[in-house]
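Read through the structure below, which is laid out as structure tokens, and then see the notes.
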Amino acid sequence: MEHLGPPFRIFASVFACLRPLYVLLLRLGGMVVVYTLLRLLFWGLNRDQFPDSPLSAFLGGIRFDLSALAWLNMPWVVLALVHPDPSPRFARIQKGVFLGINALGLFFNCIDIVYYGFTLKRSTADLFGIMTAGGDLVSLAPVFIRDYWYIVLLFLGCLVLAMWSYTLAGKLPRKDVPARPKWLWRTLAVALVVLCSRGGVQLIPLMVIDASSYAEPAYMPVVLNTPFTIMTSLGKPTIQERRYMTDAEADRLWPVIHQYGDTAIAGTKPNVVLIILESFSANYSKLLSGQAPGYMPFLDSLMANGLTYTHAYANGRRSIDGVPAIIASMPKLMEEAFINSPAIDVPFTSLASTLAAQGYTTSFFHGGRNGTMGFDTFTRLAGYQRYVGQDEYPDAADNDGIWGIRDEPFLQYFATELNNTPQPFHSTIFTLSSHHPYHLPENDAHRFAAGTMPIHPTLRYADHALQQFFETAKKMPWYANTLFVITADHTADLKRDGQLSGTAFDHWIPLVYYMPGRILPKKEHRTTQQIDIAPTVFDLIGHAKPFFSFGASAIRNERMPSAVSEGNATWMIITDEVQIRTDGEKVLWAERLREDKGGPKARVGEIAGPNRQLQAAIQQFHAHLLKRDMVLVK
């Protein structure tokens, strides 16, 4: 090189000194490209939920990709620092580690492309608990591979691309110049990896909520990537004190101690039957949405003859969130599902425990595998004296081969079992046939074929099964003295007309309190939520003792009617007028209710009160879980 000029010799020397750094950065850069392509696919395949994604969401996402990749690849970076020019054997080890840990990140990124449609949030660490509970993963994996085969191909394609870019970066030309000093490139590599892992030089490392700097909350999932949300939630305290106001103000805005008993609209100690319908959205009810044809005509007929809340909302987006909200008034106000969280050992008040103390016989029916999502364990903690699942059902021929016992035979079995139960009783049944993959036997698939989406026939089938249950129950002696509460665990597979992801539209569910002869037909337009169901039942049956609940009776005015939830590290409140999403302190997004298509924004004066009430709900939730005082001492 002596015949070359000084500038080239300097460049060659610098190149030789920093070549290992260039190779390391090129290999990680290749993964950034793959993550960017996956972000584009995530947006494209969920585009109806992100109709106007800003460019900043995609550009800002690179920052989160760099952070996730820096954390994920630290073991490989250490190996590269130790042996920048490894022997063939050690090079294979380095490549195996790189591909192995990045395959894990790619797997969760690919899974969330379709799983997001069910949860409307990037997955967090509680996904592991959901995947492994109840043994559903083994039987469901082939079904999901069949339905989402293109995701499998996408995952394999990403692995091939990662392997190709890794190999290509290793072919960077070498120069016959010693890499001196050895510490220089290593120091730069460590500094860059640390900088990327923190997301920059700011005081606090990058967090999920920082995605709101690049886009509105509805578009935050586009900014984020799933490895980042999983890693940042691992080991994170589920419950921590959040104080926005005095205890007295929190109790005023969001009371948790209730006492009724001055009325008993449903009579004294009636039976209470709670029916939770899988994935029933109010948007598919002709009565509630006004849209024909509607896929739940029988439920519509019940709602026309009961106390129906036209603006009822689910507190979460998953069954594992809906069941605790409905039976124990436990809102989804933390990242992790309550059932899978360390807080599950905190004693709590529920519909079953309260009624059992009043002499009720209690039971919970779910046709799924025993252990599914931990429902059997949770319901025992909630005070249900008997759990009936797939294992207890007498005829295995009624199993759908995917989730469990089909709704029609299981609801008939439920009616028969109630007929043999001592009164007064409280029993809950949770259906399953309208759950993805929306599988029906061939005869039923033809019989209930309708609509434009795979969920529509299963909704009609489940509605028919509900009708057959009521036809059977009407002939039984306990029917006339029974309060029926019918609702849904969450919504699913919604047909959108411009609505943004994660708005009130995604939480809108049917809710009716039905007891002919006792409860007069009425459409109530006030906002209510799943956690209000238990207090409302206590109010309807004249329960006179004080009790603890995060919810409130929907037939009283204890607080501003509202519904609360959490997702993507932000909180949302829906009132009769507005819906807002915040980080706990700052309002990130606000719109007037039923204008969630990017319509007029809510005015400052319209959001101050709801924001304060949301803060009270968050404070009360975390404070009482920490105090472990959610059961009143007798």
Side-chain angles (χ1 to χ4, degrees), residues 14-45 57-113 150-175 179 185-186 188-197 199 206 222-231:
V14 171
F15 180 88
C17 180
L18 298 181
R19 181 186 180 278
L21 177 63
Y22 297 151
V23 172
L24 185 148
L25 294 180
L26 284 173
R27 285 170 170 167
L28 290 178
M31 292 307 304
V32 172
V33 172
V34 175
Y35 271 46
T36 299
L37 292 175
L38 286 176
R39 174 171 289 102
L40 290 170
L41 284 170
F42 175 85
W43 167 73
L45 293 176
F58 298 94
L59 297 178
I62 296 174
R63 183 184 179 194
F64 290 84
D65 294 344
L66 289 170
S67 178
L69 287 167
W71 281 109
L72 200 59
N73 284 279
M74 279 187 181
W76 171 76
V77 170
V78 170
L79 294 179
L81 291 173
V82 173
H83 287 293
D85 292 306
S87 64
R89 182 169 178 267
F90 199 80
R92 287 193 296 272
I93 293 174
Q94 287 182 338
K95 187 174 184 178
V97 171
F98 181 87
L99 293 177
I101 57 181
N102 281 293
L104 194 63
L106 292 172
F107 173 79
F108 287 111
N109 250 342
C110 289
I111 288 294
D112 247 10
I113 290 176
Y150 54 92
I151 296 298
V152 178
L153 294 180
L154 174 63
F155 171 66
L156 295 176
C158 287
L159 278 181
V160 170
L161 188 57
M163 188 182 305
W164 174 78
S165 64
Y166 184 94
T167 303
L168 185 64
K171 294 180 180 180
L172 194 69
R174 299 173 182 270
K175 297 293 181 181
W185 77 268
R186 289 182 169 90
L188 291 172
V190 170
L192 288 172
V193 169
V194 170
L195 186 68
C196 288
S197 67
L206 195 65
V222 177
V223 182
L224 298 164
N225 64 75
T226 305
F228 181 85
T229 56
I230 289 177
M231 286 189 290

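- For Leu45, the side chain to side chain contact (heavy atoms under 4.5 Å, CB included) partners two or more places apart in sequence, or in a different chain, are Ile113, Tyr150.
- Phe228 and Leu206 get closest at one heavy-atom pair: CZ-O, 3.6 Å.
- The shortest side-chain heavy-atom distance between Asp85 and Arg19 falls under the 4.5 Å cut-off.
- Note that CG of Leu66 is 10.5 Å distant from CG of Leu192, once rounded to the nearest 0.5 Å.
- In this structure, Ser67 and Arg63 have side chains that are not in contact, with every pair of non-hydrogen atoms separated by 4.5 Å or more.
- Scanning for side chain to side chain donor-acceptor pair (under 3.5 Å) contacts around Arg186 gives an empty result, with sequence neighbours left out.
- Taking all atoms of both residues into account, the shortest heavy-atom contact from Leu159 to Ala103 is CD2-CB, 3.5 Å.
- The two residues Ser197 and Ala70 make their nearest non-hydrogen contact at N-CB, 3.6 Å.
- Between Pro227 and Asn109, the shortest heavy-atom distance links the atoms CD-OD1, 3.5 Å.
- Using modelled atom types, no side-chain atom of Asn225 and backbone atom of Ala68 make a donor-acceptor pair closer than 3.5 Å.
- With sequence neighbours excluded, the residues that form a side chain to side chain contact (heavy atoms under 4.5 Å, CB included) with Phe90 are Leu79, His83, Pro86, Ser87, Ile93, Gln94.
- In terms of the side chain to side chain contact (heavy atoms under 4.5 Å, CB included) criterion, residue partners of Ala57 (sequence neighbours excluded) are, by chain and number, Pro54, Ala215, Val222, Val223.
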Which donor-acceptor pairs under 3.5 Å do side chains of residues 23-32 form with protein atoms, sequence neighbours excluded?
unit_1, atom_1, unit_2, atom_2, d
Arg27, NE, Tyr166, O, 3.0
Arg27, NH2, Tyr166, O, 3.3

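- Between Trp43 and Phe58, the ring centre distance stays below 6.0 Å.
- Partners of Arg39 according to the salt bridge (Lys or Arg N to Asp or Glu O under 4.0 Å) rule, which considers only residues two or more places apart in sequence or in another chain, are Asp65.
- Among residues two or more places apart in sequence or in another chain, the ring-ring contact (aromatic ring centres under 6.0 Å, His included) test is passed with Tyr35 by none.
- The nearest pair of heavy atoms linking Trp185 to Pro84 is CZ2-CB, 3.5 Å.
- Annotation: side chain to side chain donor-acceptor pair (under 3.5 Å) contacts of Trp71 (sequence neighbours excluded): none.
- Sorted by first then second residue, the side-chain hydrogen bond (donor to acceptor under 3.5 Å, both in side chains) pairs that include residues 95-104, not counting sequence neighbours, are Asn73-Asn102, Lys95-Thr167.
- Residues Val33 and Ser165 form no side-chain contact, since every pair of their non-hydrogen atoms from C-beta on lies 4.5 Å or further apart.
- Under the side chain to side chain contact (heavy atoms under 4.5 Å, CB included) criterion, Val190 pairs with Leu81, Val194, sequence neighbours left out.
- The side chain to side chain donor-acceptor pair (under 3.5 Å) search around Thr226 returns Asp112, Arg122, not counting sequence neighbours.
- The only option from Leu38, Leu153, Leu41 that meets the side-chain contact (heavy atoms from CB on, under 4.5 Å) definition with Cys110 turns out to be Leu38.
- Considering CG of Leu104 and CG of Leu99, their distance stands at 13.0 Å, rounded to 0.5 Å.
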